Amino acid sequence: MRDRPDDDDVQENDPDLTRAVRTVTNATFVMEPPKLDPVYRQQLYQSLNQMQASVFYTVRDWCIKRVGNVTAEQFFYFINGGAGTGKSHLIKCIYTEASEILSKIERNAYETDPSKPTVLLTAFTGTAAFNICGTTLHTLLKLPRTLQPPYKGLGNRLDEMRAELMNAEIIIIDEISMVSKELFAYVHFRFQQIKGSNKPFGGMSVLAVGDFYQLPPVAYSKPLCVFEAGCIDLWNDNFQMITLTEIMRQKDDKAFAEMLNRIRVKDLTQELSDNDRELLSQAVTEPENCPNDVLHIFARNKKVNHHNSKTLALLYDDIITINADDYRKDARTGAMELQTTPCKGELNGLQDKLELAIGARVMLTRNIDISQGLVNGAFAKVATLVYSPCNSTHVQKLGLDLDLSQRRNADNQMLVYLERSEENITTKKGMVRRQFPLKLAFACTIHKVQGMSTTSAVVSLKEIFQAGMGYVALSRVTSLRGLRIIDMDESKLYANPDITESLNNMQKNHFEQIMPFYHLSQTLDRDKTFSIIHHNTQGLPSHIQDIQAHHELCLADVLCFTETRLQGFVAPSLHLDGYSMFERSRHVSYTNFSDMARKDGGGAAIYVKNHIVAHEVRYVHNVTDLEFVVVRVEAPFSALIVTVYRPPTYNVKSFLDNLRALLQCLEMLDVHPIIVCGDFNENLLYYGQKPIMELFASKGYAQKPRNEGDYETTMDLLESKERTSFVYKKKERKNGRKKERKKKERKT
Ligand SMILES: Nc1ncnc2c1ncn2[C@@H]1O[C@H](COP(=O)(O)OP(=O)(O)OP(=O)(O)O)[C@@H](O)[C@H]1O
């Protein structure tokens, strides 16, 4: 049987909501994507694993379509995945990239303010919002305290909200497991009102992110994915699920990561396997063996408070007591009078008295300023006390040293100064309290650690009262070495079976279309297929790391690159592991066009997998003034592979003469099939003559692939003489090139 929480814990389950609503409804949100250094940004994108990259590029392509005015259907994706599978990491990347691309949408400057956000990054709790550099749903949408139907509109704040969210196209909602159906419906109605549209969420695309096996919504309401009769079902009607499976948090401790995956879905009736029990037992210990300075995680507040007081007394001699300043309204004069001693406040309100010490670990209990990291659940150390100038015993401000993970900028070593917050004590009429919104944090509840990554923690499994709590607590640490379990109780590790059933029934998407070759290569018989990818690199030196990190490119047997922009010297860093490289720079490619030879850019290269026997055909008789590479493959297949680049400024007639000469010489080598690919800068959408394609056709070459769809943006050709078993043409991802193309099409 599951425990029922007492009142204290019911409130504790709602760590941010009540406070967020109470304190920030009047606050305005600031939403500005972080200005990341381009190199760091590139590294961030390169770090994405295959599934993260699929989602990233799907959303990126959608944004590019929106900018290009191509029809882009509203999307509703649910990014699912166990703890530490990199959901938050992924949405930070999506947010940065999508914001930048969508900011390029041409808008009427008189009607819109281009500085307004295009992508809204939100989370349910303040800590999670800070973690992703976003804001809470409540702050963003100025949601009321109670979310019971019927929907209450924005009233006279509508214009203000419309002005603020006029450019918004996508909303990202992290920690979706904690979002109740009422809250979700409110978000939907808010956007319908703000955008003046009857579409779901007013036409906004939604990226919901989270793990329904982690903490559920507050007050025992059903998670969004679980069907509930009589409730509007925005979830199952609209959302498609994409699952991230690679655990990134515990990537250096695979056995632990895999065990966590099993605990995540284990239901109450199942037992741990012997292996898992044995593995977990390595972390089981007694409380006295746990260092005081390691974060302790408990299910209930009582245990947290007890541990905090005990540890403070143990570690510090100079304990300071900070009383709340309670003011009562004088009935006669109306003046607020300071009381000599604080009264007994509310259970979840500002504390009557705070016991602290310099150096003690504390946690904020209110959202003060999300942009500064002063959010409910943020960890810090007390660094200084600032006393009132007129009362040397009255603490006016506290200097806090926020944890590194809590700082928006890791270089920022400055203290943040916290002032007292003010709240009405609702149980005492006319009474107002001013106190620092803090509590000691040598320990905290499981509800405060969702989303957190830490190297070490002590977890108590005692008194866990909800499905998923045990899993959330155990999955915070990056390795089993950093985990200590006290009060081990296997029966507290269980999932809600309704979640499993609901997720099984959800619509799924694997985004195969964004990486077709990756998916195809999983089923291909690699011994019987030969894959060639052509790609215009727009500069090998600046993109070699992108190529190395790319999930599809390095699966090909042969990589044909154009616009390598090499200048003779090939740095060792330009070699790809597992491939032999053959290249020709532009400078050595022209004899009769010295002006072309002097220009930077251009060039071609072919990389061939090491297990393939291949030689470069370096000197091709009578062929000059052409940027090309020819490679003869001898085993396990026999073929001639050629890559050609024609710069847009190169006269077509001269190019055709030299290409014709090349094709003739290739025939003489008598190796088949001959596969020629490259970037010829010939507009295939143009209805008039296409002399380059016609030359290939006249010589018996066939364009691959034949699929009409592939011609849409094609300027590159992949021509083959004789049938090849499989060829794949890399799809374009570069916005810039599409634009250039469009420009050219308009001109022609
Ligand atoms: N592609 C990646 N490359 C490198 N590190 C990554 C990558 N993805 C995630 N990480 C790291 O793994 C850790 C866990 O990632 P993250 O917090 O995004 O996971 P999560 O799925 O949001 O977890 P939770 O459900 O517990 O909130 C973080 O330290 C993050 O920086």
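A quick note: this is a predicted structure, and the numbers were derived from the prediction, not measured. These values consider heavy atoms only, across backbone and side chains, with no hydrogens, waters or symmetry-generated copies.
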_Counterpart residues, side chain to side chain contact (heavy atoms under 4.5 Å, CB included), relative to Ser502 (two or more places apart)_ = Cys225, Val226
For residues 332-343, which side-chain donor-acceptor pairs fall under 3.5 Å, sequence neighbours excluded?
unit_1	atom_1	unit_2	atom_2	d
Thr333	OG1	Ala335	N	3.2
Gln339	NE2	Glu337	O	2.9

*Under 3.5 Å donor-acceptor, Gln250 side chain and Ser475 backbone*: yes
*From Leu154 CG over to Asp159 CG, what is the distance, rounded to the nearest 0.5 angstrom?*
10.0 Å
*Mind checking what makes salt bridge (charged side-chain N to carboxylate O under 4.0 Å, His left out) contact with Arg434, not counting sequence neighbours?*
Glu422
*What's the spacing between Ser177 OG and Ile499 CD1 if we round to 0.5 Å?*
8.0 Å
*Which atoms form the tightest heavy-atom contact between Met488 and Leu461, and what is the distance?*
SD-CD1, 3.7 Å
_Tell me whether Lys195 contacts the main-chain N or O of Leu165 through its side chain, where contact means a donor paired with an acceptor under 3.5 Å._
yes
*Between Leu158 and Ile194, what is the shortest heavy-atom contact and its length?*
CD1-CA, 4.2 Å
*Does NZ in Lys329 sit with more than 12 non-hydrogen atoms of other residues, nucleotides or ligands closer than 6.0 Å?*
no
*Minimum side-chain heavy-atom gap Leu350-Arg366 below 4.5 Å*: yes
*Can Thr118 and Asn167 be counted as having a side-chain donor-acceptor contact under 3.5 angstrom?*
no
*For the residue pair Thr455 and Val477, establish whether any side-chain heavy-atom pair is separated by less than 4.5 Å.*
no
*asked:* Keeping Arg420 on the side-chain end and Val395 on the backbone end, is there a donor-acceptor pair under 3.5 Å?
replied: yes
*Given salt bridge (Lys or Arg N to Asp or Glu O under 4.0 Å), test Arg300 with Glu463 step by step and report yes or no.*
CA-CA 7 Å; Arg300 292 180 189 268; Glu463 299 183 85; 3.3 Å; yes
*Listed by chain and number, what are the ring-ring contact (aromatic ring centres under 6.0 Å, His included) partners of Phe212, not counting sequence neighbours?*
Phe78, Trp235
*Does Arg433 reach the side chain of Asp325, with side-chain heavy atoms less than 4.5 Å apart?*
no
*Could you go through the side chain to side chain contact (heavy atoms under 4.5 Å, CB included) check for Leu141 and Phe191 one step at a time?*
CA-CA 9 Å; Leu141 295 173; Phe191 279 115; 3.8 Å; yes
*Passes side chain to side chain contact (heavy atoms under 4.5 Å, CB included), Ile322 versus Lys353? Steps please.*
CA-CA 5 Å; Ile322 304 176; Lys353 58 178 185 175; over 6 Å; no
*Picking from Leu121, Leu207, Ile170, what satisfies side-chain contact (heavy atoms from CB on, under 4.5 Å) with Tyr95?*
Leu121
_Main-chain N/O of Pro437 paired to Thr365 side chain as donor or acceptor, under 3.5 Å_ = yes
*Mind checking whether Arg361 and Leu440 have side chains closer than 4.5 Å, heavy atoms only?*
no
*Nearest heavy atoms of Gly153 and Gln193, plus distance in Å*: CA-OE1, 3.6 Å
*Check: Ser453/Arg249 side-chain N/O donor and acceptor closer than 3.5 Å*: yes
_Go through it in stages, so that I can follow the logic: the residues are Asp487 and Ser460, the test is side-chain hydrogen bond (donor to acceptor under 3.5 Å, both in side chains), and I'd like the CA-CA distance, side-chain angles, deciding distance and then a yes or no._
CA-CA 5 Å; Asp487 314 315; Ser460 163; 2.7 Å; yes
*Could you tell me whether Arg481 atom CZ has more than 12 heavy atoms of other residues or ligands within 6.0 Å of it?*
no
*Okay, side chain of Tyr316, backbone of Gly359: is any donor-acceptor separation there less than 3.5 Å?*
yes
_Side-chain (Thr139) to main-chain (Thr135) donor-acceptor, under 3.5 angstrom_ = no
*Can you tell me how far the NE2 atom of His307 sits from the CG atom of Asn305, to the nearest 0.5 Å?*
11.5 Å
*Counting only N and O atoms by type, is there a donor-acceptor contact under 3.5 Å from the side chain of Ser99 to the main-chain atoms of Val119?*
no
*Does a side-chain heavy-atom distance below 4.5 Å link Leu474 with Leu260?*
yes
*Shortest non-hydrogen contact from Arg190 to Lys142?*
NH2-O, 2.6 Å
*Would a distance-only check, ignoring hydrogens and angles, find a side-chain to backbone donor-acceptor pair under 3.5 Å from Gln450 to Val472?*
no
*Look at the aromatic rings of Phe124 and His138 and report parallel, tilted or perpendicular, splitting at 30° and 60°.*
perpendicular
*Check for a donor-acceptor pair, side chain of Lys303 on one end and backbone N or O of Thr445 on the other, with a separation under 3.5 Å.*
no
*Inspect the surroundings of CG in Asp318 and state if more than 12 heavy atoms from other residues, nucleotides or ligands are less than 6.0 Å away.*
no
*Given side chains that start at C-beta, do those of Leu234 and Phe239 come closer than 4.5 Å, heavy atoms only?*
no
_Expected output: side-chain Asn80 to main-chain Asp211 donor-acceptor under 3.5 Å_ = no
*Show the numbers, then the answer: is there a side chain to side chain contact (heavy atoms under 4.5 Å, CB included) between Val294 and Phe442?*
CA-CA 7 Å; Val294 171; Phe442 301 107; over 6 Å; no
*asked:* For Arg476 versus Met452, what's the shortest heavy-atom pair and its separation?
replied: NH1-O, 2.9 Å
*Sub-4.5 Å side-chain heavy-atom contact between Ile368 and Ser421*: yes
*Do you know the tightest heavy-atom contact between Ile486 and Cys290?*
CG2-SG, 3.9 Å
*Can you say whether the rings of His188 and Phe201 are parallel (under 30°), tilted (30 to 60°) or perpendicular (over 60°)?*
perpendicular
Which atom pairs, donor and acceptor, lie under 3.5 Å between side-chain atoms of residues 379-388 and protein residues at least two apart or in another chain?
unit_1	atom_1	unit_2	atom_2	d
Ser388	OG	His394	O	3.3
Ser388	OG	His394	ND1	2.8

*Distance from Thr122 atom OG1 to Leu120 atom CG, nearest 0.5 Å?*
7.5 Å
_Does anything in residues 140-180 form a ring pair (Phe, Tyr, Trp, His ring centres under 6.0 Å)? List the pairs, not counting sequence neighbours._
Tyr151-Tyr186, Tyr151-Phe189
_Test log, rule side-chain hydrogen bond (donor to acceptor under 3.5 Å, both in side chains), inputs Asn391 and Thr393_ = CA-CA 6 Å; Asn391 179 351; Thr393 59; 2.8 Å; yes
_Show, in sequence, the C-alpha distance, side-chain angles and deciding distance for Met363 and Cys444, and conclude whether the side chain to side chain contact (heavy atoms under 4.5 Å, CB included) test is met._
CA-CA 9 Å; Met363 179 195 280; Cys444 66; 3.4 Å; yes
*Could you grab the distance from atom CD1 of Ile173 to atom OG1 of Thr136, nearest 0.5 Å is fine?*
12.0 Å
*Between CD1 of Ile79 and CD1 of Ile94, what distance do you get to the nearest 0.5 Å?*
4.5 Å
*Are side-chain heavy atoms of Leu438 and Leu400 found at a separation under 4.5 Å?*
yes
